**Student:** 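Would you mind keeping the following structure in view while I ask a few things?
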Amino acid sequence: MVPGEENQLVPKEIENAAEEPRVLCIIQDTTNSKTVSERITLNLPASTPVRKLFEDVANKVGYINGTFDLTRENGVTTADMAPLDHTSDKSLLDANFEPGKKNFLHLTDKDGEPPQMLLEDSNNVDDSVHDRFIGPLPREGSVASTNDYVSQNYSYSSILNKSETGYVGLVNQAMTCYLNSLLQTLFMTPEFRNALYKWEFEDSEEDPVTSIPYQLQRLFVLLQTSKKRAIETTDVTRSFGWDSSEAWQQHDVQELCRVMFDALEQKWKQTEQADLINELYQGKLKDYVRCLECGYEGWRIDTYLDIPLVIRPYGSSQAFASVEEALHAFIQPEILDGPNQYFCERCKKKCDARKGLRFLHFPYLLTLQLKRFDFDYTTMHRIKLNDRMSFPEELDMSTFIDIEDEKSPQTESCTDSGAENEGSCHSDQMSNDFSTDDAVDEGICLESSSGSEKISKPGLEKVEMAETDQRKDPIQFQLGEPNSLMYELFSVMVHSGSAAGGHYYACIKSFSDDQWYSFNDQHVSRITQEDIKKTHGGSSGSRGYYSSAFASSTNAYMLIYRLKDPTRNAKFLEVDEYPEHIKNLVQKERELEEQEKRQREIERNTCKIKLFCLHPVKQVMMENKLEVHKDKTLKEAVEMAYKMMDLEDVIPLDCCRLVKYDEFHDYLERSYEGEEDTPMGLLLGGVKSTYMFDLLLETRKPDQIFQSYKPGEVMVKVHVVDLKAETVAAPVTVRAYLNQTVTEFKQLISKATHLPADSMRIVLERCYNDLRLLSMPSKTLKAEGFFRSNKVFVESSETVDHQAAFTDSHLWKLLDRHANTIRLFVLLPEQSPGSYSKRTAYQKAGGDSGNVDDDCERVKGPAGNLKSVDAILEESTEKLKSLSLQQQQQDGDNGDSSKSTETSDFENIESPLNERGSSTSVDNRELEQHIQTSDPENFQSEERSDSDVNNDRSTSSVDSDILSSSHSSDTLCNADSAQIPLANGLDSHSITSSRRTKANEGKKETWDTAEEDSGTDSEYDESGKSRGDMQYMYFKADPYTADEGSGEGHKWLMVHVDKRITLAAFKQHLEPFVGVLSSHFKVFRVYTSNQEFETVRLNETLSSFSDDNKITIRLGRALKKGEYRVKVCQLLVNEQEPCKFLLDAVFAKGMTVRQSKEELIPQLREQCGLDLSIDRFRLRKKTWKNPGTVFLDYHIYEEDINISSNWEVFLEVLDGVEKMKSMSQLAILTRRWRPAEMKLDPFQELVLESNSVDELREKLSEISGIPLEDIEFAKGRGTFPCDISVLDIHQDLDWNPKVSTLNVWPLYICDDGAVIFYRDRTEEVMELTDEQRNELMKKESSRLQKTGHRVTYSPRKEKALKIYLDGAPNKDVAQD
């Protein structure tokens, strides 16, 4: 809600102190992360003692006073400031607070302990501050506010303690203050509450969740018996059929009152309460017209639930001074004379007449609506009238009964309209807010009430009567009892704000003690009669004509009076008078509240902290949340964590313990030796919403002992490197101190790893691939860059490698490779290469043809027959074994241990799946060679795009993958700020992440601009040489068996590869395993939910890939330079879905449209079942779903037609010969609108020779038979097919624009594919009944919903307030 800002209501004692300087205190609660963003604002008199400040703060935040500190913020750190004394009697002024300025304070822990929450049953709750709060909450930071408490942030604890007034508030869901005000008024109405309690809910007849009376009953019981300060209204709004979005819709409280009463009447049919609303709130009035010549009168009787009173008469600058004046104006008749004369059927001519309203009966509960919302025709905006209108505490309505009815000599009557007009009365003085249109868009939704009657308002039916004895009128007006029409005010619903939005609250008098209370959402407080007078509106001083503009925006909007009748005035039912079902309900709600209270108590004392555990067998880090009561001991918490992590059958309980852990830095902060019996609340520093650390359930083997972790130590993971075997061992954890020297650290590592310290080299990895050799023995670990958690590599061999510079040493190269090697899982194609391998031979421009044969021999057997993938794998394995043996023999002859074979390179690199792969190490099918990054002999450039794969289509054909234009390479490669979740749960950064280290130093820039524009990518220069230096990248591939559910039965490779390798080199390595050349298969990266995107930039590295990413290989020719992959969709102009995807095709630069059509014909026949001749279809531009330029056969791609990556075209099947022969022609799609039949004809295409409107008219006349002079046309709007409802088309489109050419405003038709609707101007629109219109509206809604359009026909645009009797809104668009 938008809170009010002006003239807030305050009691006298506060108002009198307004001249005293005030101190604005803004307090930030820094005790936990959830409250650190909130501000508590207090505006206190400067004489307020400091201890009172603490009391007020404690009340607002729900803490016990004395368990927290308040510290002033004066530009220095909080730690340097002394906290205020919470017992001090010093005034805020003496404590150096500055009046009139913002004084910032921090609420902090006291003595290191968090503040204690105020318990629900605390007796020391001080509600004095809430009592001082009367009006709506002003905006935060308003120094001039007279309220002590101006923060709009309600803490949960503040609603747990009941106000000392004894009344319970209602929680504002978001913008439901209007609902809260009405509910509190109904609750404080004895007659309504008692009647509601007498109604009994039947479980067997209705769902309690959707029963409005039952939910109101529950709410009233809670308002009467709850111990909370405020309760929720979500159950009530749920019974209305509202969802959470309705909480953000502000509505009018009078509108809600009318709609809720309608809903209750529907629910109470055939019950004792069926006529309750009418008995309490319904009055009757007569709407009459009397001829001034003959005295005959036409009239009808209307019912009303409230009387709308005009604040300021139309055209007047002076508002009515009081409610009495407005009531007199309401019944003041008007004279119909001059052009407004009334046709009298008795006189048979137009006569002067008197028209007006007479009250016949006033209800027991009289509701007056002050019409403060109006429309300013000067600014054309809604406005709010803030003029003063007084209202009395007691209102005598006897003066508004007109006894002239008894003296009428002759009358004409009509049937009593009864309840048909219920909810509003109709007169010329009323605004259009109460028009009959509301019946369409507002009120209760009666879809579920099949038996509900459909009622229309009767007119002034004339029934001639003889002279009538009014004493026989069944309506008796109590004319002889003037005192019986004395009403007393008991509810004032106040609106604060403007016509655009505001805040409602209610001022209600209790009939129990005659005391006035302010019900402002959560807050209930006492107020006085003076506060009620302030809601009259207006300004404090006289400002003349502009008084409303300067008046307070807080004023009364609805008034409810009760008839003073001792015989009818009821009192609230006492507890012992409750019906039995209400007693049961009270008991049930109390039990639920007690249960909720106990649960809250448990929640308040429960420590919730992240728990981690490295599974001792699976070696997988598990995560959970440990919820433990603060009084539970550490030993009990260990047992809970042990069971939570399911370790009962894995490891004994005594082999587990909890330690303090920093998951972000992977750092073990401390262990808790000897504290097994200490409560967790003490160990964790109290109960907090968040902790700055976590817990780790550490495990050990039965023969091991736990290491002691002390605060201040740093953790170091030590990896031992074996240069001879070229392996990096799993880490050993040691603890060290930052002030230790490198020499001392070596001694520590020597004890842990049993390596000699003298020849030890230690390499610190400070961050990714940032390796630092610790070469200064006397330097401390802190100076070397050690932090809480660190990773080092140690090597202690006696080799010449020690003498080389570190970046040139074998150790650096091995660690560099270790840091950059990733493991990928590659899914190979299911089918054997088959006929696709025939396409692997290609001629290289300027190359040696002999090399082509060599390339082909790699996938052919001795006889030239094509081999299967299995045969290729077996053959490559044998070759690699031979190669490995030869290398070992050469290494043995040379005696150079540093050139050992790569066979065992990464067998011992730490990896979760290393042990699984070791079983196949004897028969490894690996390609593990030092080769060049790229090979110009074997690669063509590929398309520069990433393509989305439609997994529903078969992958059995070469080009069966479907590319998606919504995922181009540019999208993926520039999303640096967004990470894409991978299938294994890891995150991957952008594909364009920088190429690290020396592997790419010296690379030339990407090709020239022309190649980038062509949409392809290559890493070769004009001579065919690699543009990068000769680099050696690690690659190793092993057959892999996938887990169940991960593609079992398919052929997988587990690949260890240096991620600095280019895609071109990576594909070249995969050739023996795929069975075709790299130019004839494509690489797809698998993301989460099995989404696949093609990776095509050959000169891009794999640096964006992470461990355990998945890759899918699909057969299919990669694009050459100048080629583009194109999506071909069929255009079906008269189908419900006009765009249908057919296939992917390849178009090349320099190709004509006719040539592309020739290549499409066999593909259309094989893949789509379309047998077309070349002259029976056309290609045309596709922009989203809109058809565009028709491509002529002689057009050339890249010369006449611009083409790009992921391009899309329409294929349109022709009914006859192609009519488009020249670019000067214009192809337009036309559709006839038939108003007399309320339907649209199918599309027809017109080919115009020019852009002349006259030619368009002639062609339309020719195809339709409509005379030329009767042709009217309009351009369609929106996306093709420009669908529009037949209810709207006749008036919504811009028919018959006054233009001579099509390429000017408002048509702007300059290209093919525009949609034109046309009609015969002599054809009349079909007359529709209401039933026909509703039926047609439903059909149109259904049709347009399927095509993605909606019916725009609606008498009003604002979302109306509705209550759904079946508990859920009808989703039919027609009902929206």
Side-chain angles (χ1 to χ4, degrees), residues 1133-1134 1136 1138 1185-1188 1225-1330 1332-1341 1343-1345 1347-1357 1373-1374:
V1133 292
N1134 286 309
Q1136 183 174 310
K1185 293 183 178 180
N1186 299 309
Q1225 293 175 306
L1226 198 60
I1228 291 178
L1229 293 166
T1230 64
R1231 198 172 190 186
R1232 181 172 179 176
W1233 157 239
R1234 297 183 182 271
E1237 302 174 39
M1238 297 294 283
K1239 74 172 188 177
L1240 288 162
D1241 286 353
F1243 279 103
Q1244 288 180 281
E1245 185 180 75
L1246 287 184
V1247 177
L1248 305 179
E1249 301 299 326
S1250 67
N1251 60 3
S1252 167
V1253 170
D1254 291 338
E1255 183 185 357
L1256 173 63
R1257 290 177 179 275
E1258 291 172 2
K1259 291 287 181 73
L1260 291 175
S1261 177
E1262 182 182 326
I1263 64 173
S1264 65
I1266 303 173
L1268 185 62
E1269 62 274 12
D1270 294 332
I1271 289 284
E1272 289 187 337
F1273 70 92
K1275 183 184 177 184
R1277 298 173 182 167
T1279 304
F1280 185 82
C1282 305
D1283 261 329
I1284 186 171
S1285 169
V1286 295
L1287 293 168
D1288 300 333
I1289 186 173
H1290 203 71
Q1291 66 270 9
D1292 276 13
L1293 294 183
D1294 185 10
W1295 289 97
N1296 218 26
K1298 307 300 181 184
V1299 292
S1300 59
T1301 59
L1302 301 176
N1303 60 352
V1304 297
W1305 184 87
L1307 297 177
Y1308 285 126
I1309 299 176
C1310 305
D1311 197 3
D1312 303 324
V1315 173
I1316 292 291
F1317 295 98
Y1318 67 96
R1319 68 186 181 190
D1320 184 344
R1321 69 180 179 88
T1322 62
E1323 188 175 342
E1324 296 293 333
V1325 181
M1326 178 192 290
E1327 293 285 342
L1328 296 174
T1329 65
D1330 289 342
Q1332 288 174 325
R1333 179 174 291 275
N1334 289 335
E1335 185 65 28
L1336 185 59
M1337 194 172 178
K1338 288 182 180 179
K1339 289 181 179 178
E1340 287 295 280
S1341 297
R1343 178 178 70 87
L1344 297 180
Q1345 191 175 27
T1347 59
H1349 295 74
R1350 290 177 64 89
V1351 178
T1352 57
Y1353 174 81
S1354 176
R1356 54 184 293 185
K1357 301 299 182 184
V1373 179

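Please read all numbers here as calculations on a predicted model, not as lab measurements.
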**Student:** Do the side chains of Glu1335 and Lys1338 get close enough for a salt bridge, i.e. N-O under 4.0 angstrom?
**Tutor:**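 So Glu1335 does not pair with Lys1338 through a salt bridge.
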**Student:** With heavy-atom distances below 4.5 Å as the criterion, would you say the side chains of Gln1244 and Arg1232 are in contact?
**Tutor:**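 Answer no - side chains too far apart.
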**Student:** For Thr1230 and Phe1273, run side chain to side chain contact (heavy atoms under 4.5 Å, CB included): C-alpha distance rounded to whole Å, both residues' side-chain angles, the deciding distance at 0.1 Å, then the answer.
**Tutor:** CA-CA 9 Å; Thr1230 64; Phe1273 70 92; over 6 Å; no
**Student:** Would you say that Val1286 contacts Lys1239 through its side chain, given a criterion of any heavy-atom pair below 4.5 Å between the two side chains?
**Tutor:**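 SC-SC contact between Val1286 and Lys1239 ruled out.
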**Student:** So, does Ser1341 use its side chain to make a donor-acceptor pair with the main chain of Met1337 at under 3.5 Å?
**Tutor:**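 Looks like yes, one N/O pair under 3.5 Å.
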**Student:** Is a side-chain N or O of Arg1321 found less than 3.5 angstrom from the main chain of Glu1269, in a donor-acceptor match?
**Tutor:**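 Yes.
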**Student:** Please check if the side chain of Asn1251 supplies one atom and the backbone of Thr1301 the other of a donor-acceptor pair under 3.5 Å.
**Tutor:**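 No, Asn1251 side chain to Thr1301 backbone: no donor-acceptor pair under 3.5 Å.
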**Student:** Heavy atoms only: give me the nearest Met1238-Leu1328 pair and the separation to one decimal.
**Tutor:**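 Heavy-atom minimum between the residues: CE-CD1, 3.9 Å.
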**Student:** Looking at Glu1323 and Ala1236, would you say the former's side chain and the latter's main chain have a donor-acceptor pair under 3.5 Å?
**Tutor:**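 At least one qualifying donor-acceptor pair exists.
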**Student:** Tell me whether Arg1231 forms a cation-pi arrangement with Phe1243, defined as NZ or CZ under 6.0 Å from the six-membered ring centre and within 45 degrees of its axis.
**Tutor:**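 Arg1231 over Phe1243 ring: yes.
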**Student:** Between Pro1267 and Thr1322, is there a side-chain heavy-atom distance shorter than 4.5 Å?
**Tutor:**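 Answer no - side chains too far apart.
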**Student:** Under the side chain to side chain contact (heavy atoms under 4.5 Å, CB included) rule, what do Arg1234 and Asp1320 come out as? Steps first, then yes or no, please.
**Tutor:** CA-CA 8 Å; Arg1234 297 183 182 271; Asp1320 184 344; over 6 Å; no
**Student:** Under a 4.0 Å threshold between the charged nitrogen and the carboxylate oxygen, would Lys1275 count as salt-bridged to Asp1294?
**Tutor:**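 No, this pair does not count.
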**Student:** Take Val1133 and Phe1280, measure what side chain to side chain contact (heavy atoms under 4.5 Å, CB included) needs, and give me the verdict at the end.
**Tutor:** CA-CA 9 Å; Val1133 292; Phe1280 185 82; 3.8 Å; yes
**Student:** One pair to check against side chain to side chain contact (heavy atoms under 4.5 Å, CB included): Tyr1318 and Ile1263. What are the steps and the verdict?
**Tutor:** CA-CA 11 Å; Tyr1318 67 96; Ile1263 64 173; 3.9 Å; yes
**Student:** Could you report the tightest heavy-atom contact between Pro1297 and Leu1307, atom names first, then the distance?
**Tutor:**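 In terms of heavy atoms, the two residues are closest at CG-CD2, 3.9 Å.
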**Student:** Return yes if some donor-acceptor pair links the side-chain N/O of Arg1319 with the main-chain N/O of His1290 below 3.5 Å, else return no.
**Tutor:**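 Here the side-chain-to-backbone pair exists.
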**Student:** Does any N or O in the side chain of Glu1340 come within less than 3.5 Å of the main-chain N or O of Leu1287, such that one atom is a donor and the other an acceptor?
**Tutor:**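 No, Glu1340 side chain to Leu1287 backbone: no donor-acceptor pair under 3.5 Å.
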**Student:** Please examine the side chains of Leu1248 and Glu1258, heavy atoms only from C-beta on, and report whether any two atoms are closer than 4.5 Å.
**Tutor:**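 Not touching, per the 4.5 Å side-chain cut-off.
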**Student:** Which of these passes side chain to side chain contact (heavy atoms under 4.5 Å, CB included) with Ile1228: Leu1302, Leu1260, Asp1312?
**Tutor:**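 With Ile1228 as partner, side chain to side chain contact (heavy atoms under 4.5 Å, CB included) holds for just one option, Leu1302.
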